[in-house]
There are 2 protein chains.
Amino acid sequence: MTNLIATERPDSRLAALLDKGVPSMAIQDDKSVANRLFFRLFQASNILQKQTVGQVGLSTVQWAVLGALSRKGYEDGISFNQLTEYLIVSRQNLDGVLKRLERDDHVKRITHPDDKRARLILLTDKGRAFWESLQPKIHEFYAQGLANFTFDETVSLLHYLNKFQKDLEAIAMRDAPTAEHEKS
Amino acid sequence: MTNLIATERPDSRLAALLDKGVPSMAIQDDKSVANRLFFRLFQASNILQKQTVGQVGLSTVQWAVLGALSRKGYEDGISFNQLTEYLIVSRQNLDGVLKRLERDDHVKRITHPDDKRARLILLTDKGRAFWESLQPKIHEFYAQGLANFTFDETVSLLHYLNKFQKDLEAIAMRDAPTAEHEKS
DNA sequence: AATTTTATGTCAACACATTGTCTTTTATTT
DNA sequence: AAATAAAAGACAATGTGTTGACATAAAATT
């Protein structure tokens with residue numbers, strides 16, 4: 001009884017399954033289902049990347065940037081910083097993406113009127129027209145990508161992804177509880 | 001009655017909602033829910049990437065490669081080609097990833113005995129030991145990433161992702177129905 | 001058997017993603 | 001007001017991802 005300290009973290013769901021006499025094949029799945037889920041997300045993201053380029057003609061980041069800038073209420077731009085947070089990419093990465101979008105005259109950066117450090121990112125007229133011209137392709141892509149999904153299933157998947165994203169995001173928080181004094 | 005040809009593709013689910021007198025807010029969601037889903041997948045994948053590096057100390061591809069090679073039954077290696085298909089990455093990309101894993105002596109490539117063009121990829125002893133040493137971190141990562149998921153919810157999300165991946169994969173097929181004669 | 005086609009993997013160029021470093025501007029402290 | 005700290009974003013180095021071009025080996029054709 002005294003030597004049970006260092007066993008793998010007890011898992012109530014596993015214990016419950018054991019109590020019910022569920023065969024060990026199914027129990028092993030508790031570890032492996034997580035493994036499969038994370039791997040599936042990796043694969044799905046790779047496919048999304050490929051298919052977006054193939055069907056829409058844009059990389060997923062570019063599609064996300066143009067989509068973000070074309071939203072109602074962002075006609076006067078969004079701050080660089082806000083955009084990195086919305087897309088969940090590093091400032092350094094976004095910088096490069098914006099450089100190429102500026103080169104193609106789809107996007108421009110202007111200095112923020114209230115803070116000379118900051119930048120406002122906004123669509124050019126050409127960029128807006130380009131985005132509009134993509135809409136048919138994009139909607140067709142959505143339709144095909146969800147061809148075998150009912151409306152309810154789509155909503156369910158979205159719900160679970162939202163939830164999963166929150167769990168994933170929360171991990172980093174736990175790591176740096178004493179971030180304030182770490183500099184000393 | 002004669003001028004209704006070119007309206008947006010009829011959607012039976014939308015029509016059904018209209019029949020039920022569902023308010024138009026909810027109907028607009030039919031387009032936007034797809035938009036949100038695709039964007040969510042983009043975001044979730046970005047977070048997964050970041051957190052994997054942070055928590056496990058590997059990029060998602062490296063984690064996937066080592067995981068693939070450490071599977072039971074692959075002690076003698078897996079062909080380069082099979083590995084690209086399993087991971088859904090391009091041959092050219094995998095080549096670079098393997099180069100760096102070889103540099104770190106975690107993986108090695110040998111010429112396939114039955115086909116001098118092909119390569120077998122396999123874990124080195126160091127690579128296998130490294131992978132084993134990662135297991136606690138990885139399981140902790142899985143546990144935290146699914147902290148608020150019941151077993152059933154995890155299975156549901158996995159199910160929907162599988163389904164979504166199939167739909168996404170199917171798109172490319174439709175594009176190239178006459179791929180055979182295209183060379184002429 | 002010789003030729004052509006296809007399969008496999010590598011190299012090169014570029015886009016996308018990370019961290020680390022730096023400058024400039026703003027905010028805070030003294 | 002001067003000094004210090006923090007925030008914003010641009011630059012560099014490296015890893016990850018794409019397509020295009022290529023060499024070599026195997027398969028198919030003639």
Side-chain angles (χ1 to χ4, degrees), chain A residues 42-43 45-65 78-85 87-104 106 109-121 172 179-184, chain B residues 42-43 45-65 78-85 87-104 106 109-121 172 179-184:
Chain A
F42 168 75
Q43 284 186 316
S45 151
N46 289 350
I47 296 180
L48 178 63
Q49 200 98 8
K50 281 182 213 277
Q51 299 293 45
T52 303
V53 172
Q55 302 296 125
V56 183
L58 286 179
S59 66
T60 47
V61 222
Q62 291 189 344
W63 158 78
V65 168
I78 182 176
S79 86
F80 185 98
N81 220 2
Q82 276 180 275
L83 194 51
T84 64
E85 285 168 12
L87 303 176
I88 316 186
V89 298
S90 61
R91 329 190 285 294
Q92 295 92 329
N93 181 14
L94 182 58
D95 183 49
V97 173
L98 290 180
K99 251 179 205 156
R100 289 177 285 271
L101 285 172
E102 282 177 308
R103 183 199 56 193
D104 298 342
H106 286 152
R109 282 188 252 207
I110 62 176
T111 302
H112 192 108
D114 302 340
D115 186 340
K116 285 174 197 161
R117 291 171 303 181
R119 304 281 179 275
L120 283 175
I121 319 297
E180 266 78 347
H181 346 165
E182 248 166 51
K183 305 296 168 79
S184 55
Chain B
F42 168 76
Q43 283 185 317
S45 151
N46 288 350
I47 297 180
L48 178 64
Q49 201 98 9
K50 282 181 213 277
Q51 299 293 44
T52 303
V53 172
Q55 302 295 310
V56 183
L58 287 178
S59 67
T60 48
V61 223
Q62 291 189 342
W63 159 78
V65 167
I78 182 176
S79 86
F80 185 98
N81 220 2
Q82 277 180 274
L83 195 51
T84 64
E85 285 168 13
L87 304 177
I88 316 187
V89 297
S90 61
R91 330 191 283 294
Q92 296 92 328
N93 181 16
L94 181 58
D95 182 48
V97 173
L98 290 180
K99 251 179 204 156
R100 290 177 286 271
L101 285 171
E102 281 177 309
R103 182 199 57 193
D104 299 341
H106 288 151
R109 282 188 252 206
I110 61 176
T111 301
H112 192 108
D114 303 340
D115 186 340
K116 284 173 199 160
R117 291 170 303 180
R119 305 279 178 275
L120 284 175
I121 320 297
E180 265 79 345
H181 344 167
E182 248 163 17
K183 303 297 166 80
S184 56

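Since the model is a prediction, treat every value here as computed from it, not as a measurement. So that the names make sense, note that chain A is the first sequence line, chain B the second, and so on, each numbered from 1. When reading the values below, keep in mind they use all heavy atoms of this one structure, side chains included, and skip hydrogens, waters and symmetry mates.
- Whole-Å rounding puts the B:E102 CD to C:dG9 P distance at 13 Å.
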Expected rows: protein N/O vs nucleotides 16-20 of chain C N/O, under 3.5 Å:
| unit_1 | atom_1 | unit_2 | atom_2 | d |
| --- | --- | --- | --- | --- |
| C:dC16 | OP1 | A:S59 | OG | 2.7 |
| C:dC16 | OP1 | A:Q62 | NE2 | 3.3 |
| C:dC16 | OP2 | A:R100 | NE | 2.5 |
| C:dC16 | OP2 | A:R100 | NH2 | 3.2 |
| C:dA17 | OP2 | A:N93 | ND2 | 3.3 |
| C:dA17 | O5' | A:N93 | ND2 | 2.8 |
| C:dT18 | OP1 | B:K50 | NZ | 2.7 |
| C:dT18 | OP2 | A:S90 | N | 2.9 |
| C:dT18 | OP2 | A:S90 | OG | 2.9 |
| C:dG20 | O6 | A:Q92 | NE2 | 2.8 |

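- Residues satisfying the salt bridge (Lys or Arg N to Asp or Glu O under 4.0 Å) test with A:R119, not counting sequence neighbours, are none.
- Atom CD1 of A:I47 and atom P of D:dG17 are 14 Å apart (whole Å).
- Taking atom CZ on A:F80 and atom C1' on C:dT26, their separation rounds to 18 Å, with Å as the unit.
- Applying the salt bridge (Lys or Arg N to Asp or Glu O under 4.0 Å) rule to A:K116 yields no partners; only residues at least two apart in sequence or on another chain are considered.
- Applying the side chain to side chain donor-acceptor pair (under 3.5 Å) test to every pair with at least one member in residues 94-103 of chain A, sequence neighbours left out, gives these pairs: A:D95-A:R109, A:E102-A:R109.
- Summarising the geometry, the separation between CD on B:Q82 and P on C:dA7 is reported as 16 Å, rounded to the nearest angstrom.
- The CG atom of B:L98 sits 14 Å away from the P atom of D:dG15 (whole-angstrom rounding).
- By the 4.5 Å heavy-atom criterion applied to side chains, B:F42 and A:T52 are not counted as neighbours.
- The side chain to side chain contact (heavy atoms under 4.5 Å, CB included) test applied to A:D104 returns A:H106, not counting sequence neighbours.
- Listed by chain and number, the residues in a side chain to side chain contact (heavy atoms under 4.5 Å, CB included) with B:V53 amount to none (sequence neighbours excluded).
- Distance CG (B:L48) to C1' (D:dG17): 16 Å, rounded to an integer number of Å.
- Near DNA chain C, meaning a heavy atom under 4.0 Å away, the residues from residues 112-120 of chain A are A:D115, A:K116, A:R117.
- Here B:K99 reaches the OP1 or OP2 of C:dC11: one of its side-chain N or O atoms lies under 4.0 Å away.
- Partners of B:R117 under the side chain to side chain contact (heavy atoms under 4.5 Å, CB included) rule, at least two apart in sequence or in another chain, are B:D115.
- Between the CD atom of A:Q51 and the P atom of D:dT19 there is a distance of 10 Å, rounded to whole Å.
- Distance, B:W63 CH2 to D:dT16 P: 14 Å, rounded to whole Å.
- The side chain to side chain contact (heavy atoms under 4.5 Å, CB included) search around B:S59 returns B:V61, B:Q62, not counting sequence neighbours.
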